**Student:** 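Sharing a structure, written as structure tokens. Questions coming.
Predicted, not measured: the structure shown is a model, and the values here were computed from it.
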Amino acid sequence: MKINQIIPMLPVRSMPASVEFYRKLGFAVEDRNDDWRWAMLRFGDCRLMVDQSLNVHPDAPRDSVLYLYPDDIIAYHREVRGNGLAIPDLETTFYGMIEFRIEDPDGNRLWIGQDASKEA
């Protein structure tokens, strides 16, 4: 037996606001159910679920990190800025990644990076 993929499900306060945010990051809606307040998003081979029904305690902190690995961090960074998101400049970390970090509308932390030795 093996696990073939992991699809994170993020608790969100507003599924529509989250869908719009992730659309600006390049995700497309694969499936959406407004009655459930849930959506499955896809960007290439990557998938992500946002689920408003998981938000039992709306003011509870969200401490998860979702790490995204684009194949060209410089081009992706440029594209996301071009889509209208205010994002920080790229930085090279002490652990060898070129990355930027942002939060989505619900405080979920996104770290987006590429191995510095594989810079495009």
**Student:** Return the minimal non-hydrogen interatomic distance between N33 and W36, and the atom names on each side.
**Tutor:**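 Between these two residues, the closest heavy atoms are OD1-N, 2.9 Å.
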**Student:** Is there a side-chain contact (heavy atoms from CB on, under 4.5 Å) between L41 and V29? Walk through the geometry before answering.
**Tutor:** CA-CA 5 Å; L41 309 175; V29 175; 3.8 Å; yes
**Student:** Scan side-chain atoms only and decide if D104 and S18 contain a donor-acceptor pair under the 3.5 Å cut-off.
**Tutor:**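 There is no such pair between these side chains.
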**Student:** Report yes if the side chains of Y22 and L10 come closer than 4.5 Å at any heavy-atom pair, otherwise no.
**Tutor:**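 Answer yes - side chains close enough.
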**Student:** Is it the case that the side chain of D106 and the backbone of N108 share a donor-acceptor pair, with hydrogens and angles ignored and the cut-off at 3.5 Å?
**Tutor:**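 Checking the backbone N and O of N108 against the side chain of D106, no donor-acceptor pair under 3.5 Å is found.
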**Student:** Should I102 and L25 count as side-chain neighbours, where that means a heavy-atom distance under 4.5 Å?
**Tutor:**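 Side chain of I102 against side chain of L25, heavy atoms only: contact under 4.5 Å found.
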**Student:** On a heavy-atom basis, which atom in I73 and which in G113 lie closest, and how many Å separate them?
**Tutor:**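 Result for this residue pair: CD1-CA, 3.9 Å.
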**Student:** Enumerate the salt bridge (charged side-chain N to carboxylate O under 4.0 Å, His left out) contacts for residues 87-100, please, sequence neighbours excluded, ordered by first and then second residue.
**Tutor:**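 The answer is R81-D89, E99-R101.
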**Student:** Decide yes or no for Y76 and V80: does some side-chain heavy atom of the first lie under 4.5 Å from some side-chain heavy atom of the second?
**Tutor:**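 Y76 reaches V80 side chain to side chain.
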**Student:** Could you give me the CA-CA distance, side-chain angles and deciding distance for F21 and L110, then say whether side-chain contact (heavy atoms from CB on, under 4.5 Å) is met?
**Tutor:** CA-CA 12 Å; F21 175 84; L110 305 175; 3.7 Å; yes
**Student:** Counting N and O atoms only, with roles assigned by atom type, does the side chain of Y69 sit under 3.5 Å from a partner on the main chain of D115, one being a donor and the other an acceptor?
**Tutor:**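 The answer is no, because no donor-acceptor pair under 3.5 Å joins these two groups.
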**Student:** Starting at CZ of R78, measure out to CG of D72 and round the result to the nearest 0.5 Å.
**Tutor:**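 Rounded to the nearest 0.5 Å, the CZ-CG separation comes out at 7.5 Å.
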**Student:** Heavy atoms, side chains only, cut-off 4.5 Å: are V50 and Q52 in contact?
**Tutor:**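 The answer is no; the side chains never approach within 4.5 Å.
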**Student:** Looking at M40 and I7, what are the two nearest heavy atoms and their distance?
**Tutor:**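 So the two residues come closest at SD-CG2, 4.0 Å.
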**Student:** Just wondering, do M15 and D34 contact through their side chains at under 4.5 Å, heavy atoms?
**Tutor:**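 Yes; the side chains approach each other to less than 4.5 Å.
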**Student:** So does G44 get a backbone contact from the side chain of R42, meaning a donor-acceptor N/O pair under 3.5 Å?
**Tutor:**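 Here the side-chain-to-backbone pair exists.
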**Student:** Specify the closest pair of heavy atoms between K24 and N83, including all atoms of both residues, with the distance to one decimal.
**Tutor:**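 Closest pair (atom of K24, atom of N83, distance): O-ND2, 2.6 Å.
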**Student:** Could you report the tightest heavy-atom contact between L48 and F27, atom names first, then the distance?
**Tutor:**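 That closest heavy-atom pairing would be CB-CE2, 4.2 Å.
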**Student:** Kindly indicate whether the side chain of P16, heavy atoms from C-beta on, has any atom under 4.5 Å from the side chain of V19.
**Tutor:**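 A side-chain contact is absent here, since even the closest heavy-atom pair is not under 4.5 Å.
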**Student:** Enter the distance from F100:CZ to I112:CD1 here, rounded to the nearest 0.5 Å.
**Tutor:**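 Separation between the atoms: 3.5 Å.
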**Student:** Any non-hydrogen side-chain atom of I98 less than 4.5 Å from a side-chain atom of H77?
**Tutor:**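 No, side chains not in contact.
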